[in-house]
Amino acid sequence: GVWRQTKALLFKNCLIKCRTKKSSVQEVLFPLFFLFWLILMSVMHPHRKYDEVANANLGTLDTSMLVNFVIGYTPPTRMAREIMKKVAFDNFEDGIITEEYLSEEELQEASAFKPSNFVGVVFNDAMSYQLRFPDSVAMSSIYMESR
């Protein structure tokens, strides 16, 4: 029955492995080679852990860079409006231009036609958000995730 078939299959596989020694050795050595290569790469480029930065007074903000700065946000909820009002008027004397959009698609379309001083904010919920920058802004090579 089953035991005889299993034994015959194992014997057949052993015969195939003995007859094709080159490919059998490759099946064992290639994974070991790639494992060695990964270990070597991880040793050459170790993970960097950055320590906390102590609180420091950064001085006054140069508001001349923020002239005609536009922040678009979506969805236009009550909480989002309050947050954007606080960002626009409480922190800067001249105020920053804020525009609300009904959907993320509208925000993306508007950012395509706006100048390079446009930044989008997409509120996921009351406590989290994502920033959307124009394509002209240089992105970090360390942290690449959905913009």
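V25 and F33 are assigned to two separate hydrophobic clusters, defined by single-linkage of ILVMFWY side chains at heavy-atom distances under 4.5 Å.
Using a 4.5 Å heavy-atom cutoff, the side chains of L102 and T74 are not in contact. With contacts defined as side-chain heavy-atom distances shorter than 4.5 Å, the pair Y101/P76 does not qualify. Between E99 and F118, some side-chain heavy-atom pair lies under the 4.5 Å cut-off. Side-chain contact between M41 and F36 is absent, with no heavy atoms from C-beta onward closer than 4.5 Å.
The CG atom of L10 sits 11.0 Å away from the NZ atom of K12 when rounded to the nearest 0.5 Å. The line from CD1 of I83 to OG1 of T98 is 12.5 Å long, rounded to the nearest 0.5 Å. Rounded to the nearest 0.5 Å, atoms CD (E100) and CD1 (I71) are 13.5 Å apart. From F123, atom CZ reaches atom CE of M84 across 5.5 Å, with rounding to the nearest 0.5 Å. Atom OG of S103 and atom CD of E109 lie 7.5 Å apart (nearest 0.5 Å).
Distance alone, capped at 3.5 Å, is enough to place a donor-acceptor pair between the S24 side chain and the K17 backbone.
Taking all atoms of both residues into account, the shortest heavy-atom contact from A80 to P75 is CB-O, 3.6 Å. Listed here is the closest heavy atom pair of Y73 and L107: N-CD1, 4.0 Å. A pairwise comparison of heavy atoms in N124 and Q130 identifies ND2-CG, 3.8 Å as the closest pair.
Of the charged side-chain nitrogens involved, at least one lies within less than 4.0 Å of a carboxylate oxygen, so that E82 and R78 count as a salt-bridged pair.
Using bins of under 30°, 30° to 60° and over 60° for the plane-to-plane angle, the ring pair F34/F30 lands in the tilted bin.
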